[in-house]
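Below: one structure, written as structure tokens.
Values below: every heavy atom of this structure, side chains too, minus hydrogens, waters and symmetry copies.
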Amino acid sequence: MLSEWNVPKSRHQRLLKSALQRQTSEGELSDLWTPLANQSLKPCAESSIATSLPEKSEGFIQVFLDGGLNQQRMGICDAVAVAKILNATLVIPYLEVNPVWRDSSSFMDIFDVDHFINVLKDDISIVKELPSDFSWSTREYYATAIRATRVKTAPVHASANWYLENVLPVVQSYGIAAIAPFSHRLTFDNLPMDIQRLRCKVNFQALVFVPHIRALGDALISRLRNPSGKSGAVGTNYLQEMPDVKNKQGAGKFVVLHLRFDKDMAAHSACDFGGGKAEKLALAKYRQVIWQGRVLNSQFTDEELRSQGRCPLTPEEIGLLLAALGFDNSTRLYLASHKVYGGEARISTLRRLFPLMEDKKSLASSEERAQIKGKASLLAAADYYVSMHSDIFISASPGNMHNALVGHRTYENLKTIRPSMSLLGQLFLNKSISWSDFQQSVVEGHQNRQGQIRLRKPKQSIYTYPAPDCMCQA
């Protein structure tokens, strides 16, 4: 890491200096922590239009899902919908080993499979594994040759009719169809309402993490809300405490910051992050190895990319955004992230602004983390769980985790700040902007980006925009 990476200097020294000296009024803090008011829509995924299971299943549907946890989550929801469309029995989806995260966790390692089957028992038939007659239908079987039972041709965002015309005949002929690849293979539009509601029911009710993930998540949440260490901690206080926090507006509350700033993200954006020539060369090399130079952003200058909002926010920039919004140094911040590119050197500025910043490692003992250590999907699941229970969630850049949590928190009417990437890109390019002008622009630009319901437009994901499909008039 050191050979390819120079510790970056602050790129926004003037703003940082002002942010470190900031004063936040009680009124500002009160507004920040106030939960969202009830909106005109409420969750109604559970009111699926009543349909009974067919007496006889057409056969089995298998799906093989790639991507990280949240891409797989969306694929699971779509798989249930496809099984419903075809009157087929769903085999618990097979999760591929992700080439980036190298995690071999199965569905049952991540999700409570009995809960999943029970919640959906009136909607579709689900089996944990195939009966012995079909035990030949494995990932290895499809990897060695072209097979009549494998459907490879599902187009991205395929219609319900496409499945009825192309997959149902395979199921009826062989008793089984295996669809791979399957990610993003079901349309978001022109589906019957009962199919849309079923996808919502899977996402928001059937997919629950395994008990040990929930227990770890509850312990982390308890320690964030009760920093004295009296609640949730087993004989150890993992939290730092600041003396003046007790009577603050935000006492007992916390923000989750999803910091998507790994090497993959940095390289794919083609932006400059201040690590000098060594970093530029390292990212260019990585880009070439992983994508053979196919990164469209690389034809633009760094200034063009930033002004278009196409650069992920660095830890320093997300810290300045939070400070401008009014969060002060008594704010308890939980960092949900995979490996941050540049490590602690990259995060240190954010830590200066928010000294009460925690993560899984600082909050839980190595024994408590043993079951999820080195498993990217389980680490992400713990972060997802804590994120869903936070007072405020903010993501440093769009991605599958961001999209899944924005949708889930919209469904639950929870405060969620969506950074305006183009506004921030332009503000950060202005090297002479004063702190007061920066702060005013940030506050005004984010007034309507705090969890207000946005109705889904055609082609947009039902999992990011659950209204109106998953929601009814309040």
Side-chain angles (χ1 to χ4, degrees), residues 38-54 57-58 61 63 65 70-90 92-93 107 111-126 154 157-164 167-168 179 182-209 384 388 400 403-414 451 453-474:
N38 286 331
Q39 301 187 64
S40 58
L41 297 171
K42 64 175 185 179
C44 59
E46 66 279 356
S47 58
S48 298
I49 297 160
T51 55
S52 56
L53 282 175
S57 165
E58 294 286 355
I61 286 290
V63 296
L65 299 174
N70 294 293
Q71 191 172 326
Q72 290 171 337
R73 183 187 185 101
M74 295 168 204
I76 292 163
C77 300
D78 288 350
V80 170
V82 167
K84 181 71 172 177
I85 289 164
L86 301 179
N87 282 337
T89 298
L90 179 68
I92 289 293
F107 183 105
F111 299 107
D112 185 329
V113 70
D114 292 323
H115 176 86
F116 179 76
I117 292 171
N118 186 52
V119 168
L120 300 171
K121 67 180 187 297
D122 296 328
D123 300 289
I124 65 163
S125 299
I126 304 174
H157 304 315
S159 67
N161 277 344
W162 188 91
Y163 282 95
L164 291 167
V167 181
L168 186 57
I179 312 171
F182 186 69
S183 290
H184 309 297
R185 291 308 195 273
L186 181 62
T187 183
F188 291 117
D189 303 310
N190 304 315
L191 286 173
M193 181 52 78
D194 65 313
I195 298 296
Q196 294 289 65
R197 286 274 168 85
L198 180 57
R199 292 164 109 174
C200 306
K201 185 175 179 179
V202 182
N203 195 30
F204 302 127
Q205 292 169 33
L207 284 175
V208 169
F209 296 123
Y384 190 105
M388 277 306 298
N400 288 324
N403 293 341
L405 277 160
V406 164
H408 204 156
R409 289 179 64 91
T410 297
Y411 182 78
E412 301 284 358
N413 198 42
L414 299 170
I453 289 174
R454 293 174 298 154
L455 297 181
R456 187 176 71 83
K457 296 174 184 168
K459 297 188 179 175
Q460 286 184 329
S461 167
I462 194 173
Y463 308 119
T464 310
Y465 303 96
D469 306 80
C470 309
M471 305 183 84
C472 308
Q473 288 297 320

Closest heavy-atom pair and its distance - [X], [Y]:
X	Y	result
Ala154	Ile179	CB-CG2, 4.3 Å
Ala404	Asn70	CB-OD1, 3.6 Å
Leu164	Ile85	CD2-O, 3.7 Å
Met388	Glu412	CE-CG, 3.8 Å
Cys472	Arg197	SG-NH2, 3.6 Å
Lys457	Gln460	N-OE1, 2.8 Å

Exercise. Decide yes or no on ring-ring contact (aromatic ring centres under 6.0 Å, His included) for Phe188 and Tyr465, but give the supporting numbers first.
Key: CA-CA 11 Å; Phe188 291 117; Tyr465 303 96; 9.8 Å; no
Practice problem: Step through it carefully: locate the ring centre of Phe116, locate the ring centre of Phe111, and say whether they are under 6.0 Å apart. | Solution: no
If you measure from [atom1] on [X] to [atom2] on [Y], what distance do you get to the nearest 0.5 Å?
X	Y	atom1	atom2	value
Ile124	Leu198	CD1	CG	6.5 Å
Asp114	Ile126	CG	CD1	11.0 Å
Gln71	Asn403	CD	CG	11.0 Å

Self-check item: Non-hydrogen side-chain atoms of Asp78 and Arg185 separated by less than 4.5 Å
Solution: no
Practice problem: Side-chain contact test, heavy atoms from C-beta onward, threshold under 4.5 Å: evaluate it for Asp123 versus Val80 and give yes or no. | Solution: no
When you measure from the side chain of [X] to the backbone of [Y], do you find a donor-acceptor pair of N or O atoms at a distance under 3.5 Å?
X	Y	answer
Asn87	Glu58	no
Arg199	Asp469	no
Lys84	Ile195	no
Gln72	Pro93	no
His115	Gln205	yes

Restricting to side chain to side chain contact (heavy atoms under 4.5 Å, CB included), what partner residues turn up for [X], sequence neighbours left out?
X	value
Asn203	Arg73, Cys77, Tyr463
Asn118	Lys121
Ala467	Leu41, Ile453, Leu455, Met471
Ser57	Thr89

Exercise. Report yes if the SG atoms of Cys200 and Cys470 are separated by under 2.5 Å, and no otherwise.
Key: yes
Practice problem: For Leu207 and Phe107, run side chain to side chain contact (heavy atoms under 4.5 Å, CB included): C-alpha distance rounded to whole Å, both residues' side-chain angles, the deciding distance at 0.1 Å, then the answer. | Solution: CA-CA 10 Å; Leu207 284 175; Phe107 183 105; 4.2 Å; yes
Quiz prompt | side-chain hydrogen bond (donor to acceptor under 3.5 Å, both in side chains) partners for Arg409, two or more places apart | solution = Ser390, Thr416
Practice problem: Kindly write out the residues that satisfy side-chain hydrogen bond (donor to acceptor under 3.5 Å, both in side chains) with Tyr163, not counting sequence neighbours, or none if the list is empty. | Solution: none
Quiz prompt | Residues Lys201, Asp194: salt bridge by 4.0 Å N-O rule | solution =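 Looking at Asp194 together with Lys201, the answer is no, because their closest N to O distance does not fall below 4.0 Å.
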